[in-house]
Student: 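Just dropping this structure here.
Start at 1 with the first residue, then count along the sequence.
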Amino acid sequence: MKDGVILMWKDYIYSVSKEYLFKPPAANAELISISEELNVKVPQKLFKLLSETNGVFDCFGCPLIWSTAQIVRDNLFFRDLGANKDLYMPFDNLLFFSDNGCGDMFCYKLLNGSILAEDIYVWNHEDDSRLWVASSLEEFIRGWITGEITT
């Protein structure tokens with residue numbers, strides 16, 4: 001990190017834990033598909049991370065950061081839950097990029113297709129709450145890997 005800016009995401013993650021695996025970088029078309037299909041400007045840090053590795057996974061294949069395909073697929077799925085309007089608040093104001101493996105998902109908050117802050121939230125699938133967990137993507141990654149963030 002230099003002046004608060006992550007230089008290489010793989011190096012940053014590796015500095016926290018050597019137990020994560022990286023995929024080849026996302027192609028430009030894959031990165032663009034997030035913006036086009038979800039009508040959102042991808043946050044700069046997430047864009048840079050996906051440009052280095054199209055998903056980050058532990059040794060069991062569980063994602064720390066989803067691939068571009070999973071980001072698109074899962075966000076579209078939840079935005080299309082029209083039949084469950086009585087159960088959940090709308091999801092079109094969230095950009096999911098990770099999950100805890102038990103149904104809860106990590107996201108950015110959106111306002112008119114833009115992410116105005118780097119804050120990371122967790123959506124709880126049991127009570128539909130959306131709670132703040134980290135002030136940035138790097139804080140989320142460190143906190144989730146070290147167990148400082150729990151859901």
Side-chain angles (χ1 to χ4, degrees), residues 5-6 8-10 12-13 16-17 20-145 147-151:
V5 177
I6 299 294
M8 295 293 295
W9 280 99
K10 289 184 196 179
Y12 176 74
I13 294 167
V16 179
S17 173
Y20 285 86
L21 308 170
F22 305 101
K23 299 292 183 181
N28 202 35
E30 292 172 305
L31 293 164
I32 291 170
S33 73
I34 297 172
S35 296
E36 289 180 349
E37 296 204 40
L38 301 177
N39 195 29
V40 61
K41 185 174 189 295
V42 179
Q44 180 183 6
K45 290 180 181 180
L46 182 60
F47 186 92
K48 187 167 178 351
L49 187 152
L50 294 168
S51 297
E52 289 181 35
T53 175
N54 195 358
V56 180
F57 300 85
D58 68 15
C59 59
F60 301 105
C62 298
L64 170 66
I65 303 294
W66 293 345
S67 67
T68 54
Q70 186 172 0
I71 290 172
V72 170
R73 181 181 62 243
D74 286 14
N75 278 276
L76 288 175
F77 173 81
F78 280 92
R79 290 177 184 188
D80 196 37
L81 281 177
N84 292 309
K85 288 181 194 173
D86 296 336
L87 295 176
Y88 302 119
M89 292 183 280
F91 293 103
D92 55 355
N93 64 340
L94 303 175
L95 177 65
F96 296 118
F97 66 90
S98 183
D99 66 271
N100 70 354
C102 298
D104 299 340
M105 295 186 289
F106 299 101
C107 60
Y108 291 94
K109 280 178 133 181
L110 299 171
L111 181 62
N112 299 323
S114 296
I115 294 165
L116 304 177
E118 292 186 26
D119 296 313
I120 307 297
Y121 297 82
V122 63
W123 169 71
N124 182 304
H125 74 285
E126 293 178 1
D127 64 12
D128 196 29
S129 62
R130 293 114 196 263
L131 302 173
W132 179 91
V133 293
S135 63
S136 65
L137 185 58
E138 56 270 30
E139 185 180 302
F140 163 75
I141 289 170
R142 179 174 293 284
W144 188 244
I145 290 173
E148 294 171 26
I149 295 174
T150 60
T151 60

Student: What pair of heavy atoms forms the shortest contact from Phe57 to Ile65, and how long is it?
Tutor: CZ-O, 4.5 Å
Student: Is NZ or CZ of Arg79 both nearer than 6.0 Å to the six-membered ring centre of Phe96 and within 45° of the ring axis?
Tutor: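 Judged by the rule, Arg79 and Phe96 form no cation-pi pair.
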Student: Considering non-hydrogen atoms only, spot the tightest contact between Leu50 and Gly55 and give its length.
Tutor: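 Scanning both residues completely, I find the closest heavy atoms to be CD2-N, 4.1 Å.
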Student: Between atom OG1 of Thr151 and atom CD of Glu126, what is the distance when rounded to the nearest 0.5 Å?
Tutor: 10.0 Å
Student: Any donor and acceptor pair, going by atom type alone, linking the side chain of Thr53 with main-chain N or O of Pro25 inside 3.5 Å?
Tutor: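 Here the side-chain-to-backbone pair does not exist.
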Student: Might you confirm whether atom CG of Asn39 has over 12 heavy atoms from other residues, nucleotides or ligands at distances under 6.0 Å?
Tutor: no
Student: Hey, does Gln70 have a side-chain heavy atom less than 4.5 Å from the side chain of Asp99?
Tutor: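 Asp99 vs Gln70: side chains touch.
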Student: Tell me whether Glu139 contacts the main-chain N or O of Ser135 through its side chain, where contact means a donor paired with an acceptor under 3.5 Å.
Tutor: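 Such a contact is found between Glu139 side chain and Ser135 backbone.
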Student: Would you say Phe78 and Leu94 make side-chain contact, with heavy atoms under 4.5 Å?
Tutor: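 No, their side chains stay 4.5 Å or more apart.
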Student: If you round to the nearest 0.5 Å, how far is CG of Leu137 from CZ of Arg142?
Tutor: 12.5 Å
Student: To the nearest 0.5 Å, tell me how far Lys45 NZ sits from Ser136 OG.
Tutor: 5.0 Å
Student: Any idea how Trp9 and Tyr12 line up, ring-wise: parallel (<30°), tilted (30 to 60°), or perpendicular (>60°)?
Tutor: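 Judged by the thresholds at 30° and 60°, the geometry between Trp9 and Tyr12 is perpendicular.
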Student: Taking the side chain as C-beta and beyond, is there a heavy-atom pair between Ser114 and Leu116 under 4.5 Å?
Tutor: yes
Student: For atom CD of Gln44, is the number of surrounding heavy atoms from other residues, nucleotides or ligands below 6.0 Å larger than 12?
Tutor: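 No, the 6.0 Å shell around CD holds no more than 12 heavy atoms from other groups.
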Student: Taking the side chain as every heavy atom from C-beta outward, state whether Leu95 and Ile71 have any pair of such atoms under 4.5 Å apart.
Tutor: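 Result yes, sub-4.5 Å side-chain heavy-atom pair found.
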Student: Does the side chain of Asn75 come within less than 4.5 Å of Val40's, by heavy atoms?
Tutor: no
Student: To the nearest 0.5 angstrom, please state how far the CG atom of Asp104 sits from the CH2 atom of Trp123.
Tutor: 7.5 Å
Student: Only one of Trp66, Tyr108, Phe47 clears ring-ring contact (aromatic ring centres under 6.0 Å, His included) with Phe97; which?
Tutor: Tyr108
Student: Donor-acceptor check, side chain of Asn54 to backbone of Thr68, threshold 3.5 angstrom: yes or no?
Tutor: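 Such a contact is found between Asn54 side chain and Thr68 backbone.
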Student: Taking Asp80 for the side chain and Leu76 for the main chain, is one N or O donor matched with an acceptor at less than 3.5 Å?
Tutor: no
Student: Can Phe22 and Glu52 be said to form a side chain to side chain contact (heavy atoms under 4.5 Å, CB included), step by step?
Tutor: CA-CA 9 Å; Phe22 305 101; Glu52 289 181 35; over 6 Å; no
Student: Taking all non-hydrogen atoms of both residues, which atom of Pro43 and which atom of Ile115 are closest, and how far apart?
Tutor: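 Heavy atoms only, the tightest pair is CG-CD1, 3.1 Å.
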Student: So, do Asn124 and Leu131 sit near enough that their side-chain heavy atoms are less than 4.5 Å apart?
Tutor: no
Student: Return the minimal non-hydrogen interatomic distance between Pro63 and Ser98, and the atom names on each side.
Tutor: O-OG, 4.3 Å
Student: More than 12 non-hydrogen atoms from neighbouring residues, nucleotides or ligands closer than 6.0 Å to NZ on Lys41, yes or no?
Tutor: no
Student: I need the Phe106 CZ to Ile141 CD1 distance, nearest 0.5 Å.
Tutor: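 Reported value, rounded in 0.5 Å steps: 11.5 Å.
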Student: What is the distance from atom CE of Met105 to atom CZ of Arg130, rounded to the nearest 0.5 Å?
Tutor: 9.0 Å
Student: Would you check, one step at a time, whether the test side chain to side chain contact (heavy atoms under 4.5 Å, CB included) holds for Ile120 with Ile149?
Tutor: CA-CA 11 Å; Ile120 307 297; Ile149 295 174; over 6 Å; no
